[in-house]
A.B. asks: 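What follows is a single structure, and I will ask about it in a moment.
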Amino acid sequence: MRIVILCGGESPERDVSLASGSSVARALLERGHEVLLVDPAAGEPVLAGPLHPGDVVDGFEVGKEPPAGHERHGLRQRMAAAFDGGALPALLRDADLVFTALHGGWGEDGWVQERLEAAGVRFTGAGSTACAAAWNKERAQAVLAAAGVPVTERALWPAAADEVPKEVRPLVAAGPVVAKPVADGSSVSVHRADSLAELERLAPQMRADGGDLLVEPFLSGREFTVGVVGGQVLPVIEIELSTPLFDYAAKYQPGAVSEVCPARIPEEFASRLQQLALRAHEALGFGPHTYSRADFRCDAAGEPMCLEVNALPGLTATSLLPLGASGAGWTYADLAERIVSLATR
C-alpha cells in the first residue's frame, strides 16, 4: 500500500514522534509498502519519500529534554496551515492509509483525527472521540473509576486559581504528591512534591502553557504497563526505576531504567493487570481496530492504580509497546503490520 506516516508535530513529544516515524517507516518498507514520511509542523512537511522497499531511512535520536516550549507557537502555526491548505491534504487523500505516529498535543488529543475523519481519510489508531477521552487525565480517570478500573484519589488545580485549592491541600498534608499537567504525555512536566511550598514552587514550570494541573498521592509501589492491540492483550511489562518517577529522560534514554517483559510477577496478578488494561481500553471507547497502552503503579499495599491510557503510545526502538509485542513473540515489523491491518479491516 501507499502509506503516509505522520510524525513530528507541535507537542513536547515532537522528538519522540520523529523517532517513532522513522522506525515505523523502516518496518513498513520491510513489509513491502511504499512510504511517505511527513511532519505537518515542519517548514517542508515531506521529510522523505516516496520510499520503496530497499530504500534506507535514517533514524532519529530522542534528546534528553523535550523541545523548548517557546518553539511550540510556530510549530502550531505551520501545522494548522498544513492541514488547512497546501499540498498536505491532497497527499493524505491520495494515500491508501495514514499511519498516525504523532504523540501528544494535537496528534493525540483528537485534533488531527477530527481532520482526517472530516476528509474521509483512513488512518491507524483511535478516532477523535477516544483520543479526546483518554487525553484529559482528570476526565479519563473519572471514566475509568466508573468502569471499575482502580484509580487513585486526585484533585484538580485549575489554571485560574492562583493559590493551592482547598481540595489539593489534604493530599499534600497526607504525604508526597505527584503533580502533572492534565493534558500532556511522555511524563513531560511531571514532578513529585513533598510539601506545599515545593508544590507552589514547581507549579509555574508545570503549567508553562497555562493549563490545569492534576495532583495525586505519590504511589510508592511497583510500576507496570500493558499494551492492547486489537483484541489482544500483550504481556505485562514492569518498569524498574532507579528514580522516584518514570520521567521523560528515563523513558527515552537507553539503559536509564530496567524494563522487564514479561514482568516477574505471579500469573494471577499479571492476568489481573491485563484484564484491567482491556477494561480501560474499552471504557474509553477504543474499539477492536485500535491499540493503546495502560500504565499502572501500585500503592504501598501492592494494589495497582491506573495512571492513564495512552491513545498513541511511543513506537521508538526503546518504547514500551514494541517491548510488549516482543514478549508476545512479534517482531517490530509484525507490530507495525498488525496496526496497519487493524485499520484496513
A.B. asks: Any Lys/Arg nitrogen of Glu308 or Lys180 sitting under 4.0 Å from an Asp/Glu carboxylate oxygen of the other?
C.D. replies: no

A.B. asks: What pair of heavy atoms forms the shortest contact from Tyr291 to Pro313, and how long is it?
C.D. replies: CE1-CD, 3.7 Å

A.B. asks: Report the distance from atom CD of Glu163 to atom CG of Leu196, rounding to the nearest 0.5 Å.
C.D. replies: 10.0 Å

A.B. asks: Under the side-chain hydrogen bond (donor to acceptor under 3.5 Å, both in side chains) rule, collect the residues that match up with Glu200, sequence neighbours excluded.
C.D. replies: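 With neighbours one apart ignored, the set is empty.
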
A.B. asks: Check for a donor-acceptor pair, side chain of Glu240 on one end and backbone N or O of Ser258 on the other, with a separation under 3.5 Å.
C.D. replies: no

A.B. asks: Might you point out which heavy atoms bring Ala95 and Val4 nearest each other, and give the distance in Å?
C.D. replies: CB-CG2, 3.7 Å

A.B. asks: Taking the six-membered ring of Phe218 (Phe, Tyr or Trp), confirm whether the NZ or CZ of Arg192 is under 6.0 Å from its centre and within 45° of its axis.
C.D. replies: yes

A.B. asks: Taking all atoms of both residues into account, what is the closest heavy-atom pair of Ala27 and Ala336, and its distance?
C.D. replies: CB-CB, 3.9 Å

A.B. asks: Return the minimal non-hydrogen interatomic distance between Gly8 and Ser17, and the atom names on each side.
C.D. replies: N-OG, 2.7 Å

A.B. asks: Give me the ring orientation class for Trp106 and Trp111: parallel if the planes are under 30° apart, tilted from 30 to 60°, perpendicular past 60°.
C.D. replies: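 Ring orientation of Trp106 relative to Trp111: parallel.
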
A.B. asks: Taking only residues two or more places apart in sequence, or in another chain, which ones meet Ser341 in a side-chain hydrogen bond (donor to acceptor under 3.5 Å, both in side chains)?
C.D. replies: none

A.B. asks: Going by side-chain hydrogen bond (donor to acceptor under 3.5 Å, both in side chains), name the residues that satisfy it together with Glu10, two or more places apart in sequence or in a different chain.
C.D. replies: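 Scan of Glu10 (side-chain hydrogen bond (donor to acceptor under 3.5 Å, both in side chains), adjacent residues dropped) gives Arg72, Arg76.
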
A.B. asks: Is Leu219 close to Thr152 at the side-chain level, that is, under 4.5 Å between some pair of heavy atoms?
C.D. replies: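 Yes, at least one pair of side-chain atoms sits under 4.5 Å.
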
A.B. asks: Mind checking whether Leu276 and Pro150 have side chains closer than 4.5 Å, heavy atoms only?
C.D. replies: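 Result yes, sub-4.5 Å side-chain heavy-atom pair found.
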
A.B. asks: Using the side chain to side chain donor-acceptor pair (under 3.5 Å) definition, which of the options Gln141, Arg154, Arg297, Lys137 pairs with Glu216?
C.D. replies: Gln141

A.B. asks: Taking C-beta and beyond as the side chain, do Leu284 and Leu144 meet within less than 4.5 Å on heavy atoms?
C.D. replies: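 Sidechains of Leu144 and Leu284: in contact.
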
A.B. asks: Between Glu238 and Arg222, does any side-chain N to carboxylate O distance fall below 4.0 Å?
C.D. replies: yes

A.B. asks: Rounded to the nearest 0.5 Å, what separation is found between the CG atom of Leu273 and the SG atom of Cys298?
C.D. replies: 7.0 Å

A.B. asks: Check Pro40 against Phe83 and note the closest heavy-atom contact, atom names and distance.
C.D. replies: CB-CE1, 3.7 Å

A.B. asks: Restricting to pairs with a member in residues 225-237, which pass side chain to side chain donor-acceptor pair (under 3.5 Å), not counting sequence neighbours?
C.D. replies: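 For residues 225-237, and leaving out neighbouring residues, the side chain to side chain donor-acceptor pair (under 3.5 Å) pairs sorted by first residue read Thr225-Arg293, Thr225-Asp295.
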
A.B. asks: Please determine whether side-chain hydrogen bond (donor to acceptor under 3.5 Å, both in side chains) holds for the pair His191 and Glu198, giving the CA-CA distance in whole Å, both sets of side-chain angles, and the decisive distance to 0.1 Å.
C.D. replies: CA-CA 10 Å; His191 291 277; Glu198 187 176 15; over 6 Å; no

A.B. asks: Out of Leu307, Val226, Ile239, Val151, which residue meets the side-chain contact (heavy atoms from CB on, under 4.5 Å) rule with Phe296?
C.D. replies: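 Checked Leu307, Val226, Ile239, Val151 against Phe296; only one passes side-chain contact (heavy atoms from CB on, under 4.5 Å): Val226.
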
A.B. asks: Please list, chain by chain and in numerical order, all residues satisfying side chain to side chain contact (heavy atoms under 4.5 Å, CB included) with Ala132, sequence neighbours excluded.
C.D. replies: none

A.B. asks: Report the C-alpha distance between Met305 and Val149 in whole Å, list the side-chain angles of each, state the deciding distance to 0.1 Å, and finish with yes or no for side chain to side chain contact (heavy atoms under 4.5 Å, CB included).
C.D. replies: CA-CA 8 Å; Met305 304 288 170; Val149 177; over 6 Å; no

A.B. asks: Kindly state each residue pair satisfying side chain to side chain donor-acceptor pair (under 3.5 Å) with at least one member in residues 41-60, sequence neighbours excluded.
C.D. replies: Glu34-His52

A.B. asks: Please walk me through it: do Ser20 and Ser23 pass side-chain hydrogen bond (donor to acceptor under 3.5 Å, both in side chains)?
C.D. replies: CA-CA 5 Å; Ser20 288; Ser23 296; over 6 Å; no

A.B. asks: Search all heavy atoms of Val112 against all heavy atoms of Gly107 and return the closest pair with its distance.
C.D. replies: CG2-CA, 4.0 Å

A.B. asks: State whether Arg122 and Asp96 are salt-bridged, where the test is any N-O pair (Lys NZ or Arg NE/NH1/NH2 against Asp/Glu carboxylate O) under 4.0 Å.
C.D. replies: no

A.B. asks: Is the closest side-chain heavy-atom distance between Val260 and Ile237 below 4.5 Å?
C.D. replies: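 No, side chains not in contact.
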
A.B. asks: Sort out for me which residue in Val24, Thr124, Leu92, Leu36 forms a side-chain contact (heavy atoms from CB on, under 4.5 Å) with Leu6.
C.D. replies: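 Between Leu6 and the candidates, side-chain contact (heavy atoms from CB on, under 4.5 Å) is satisfied uniquely by Leu92.
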
A.B. asks: What do you reckon, is CZ of Arg169 surrounded by more than 12 foreign heavy atoms closer than 6.0 Å?
C.D. replies: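 Atom CZ in Arg169 is crowded, with more than 12 foreign heavy atoms closer than 6.0 Å.
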
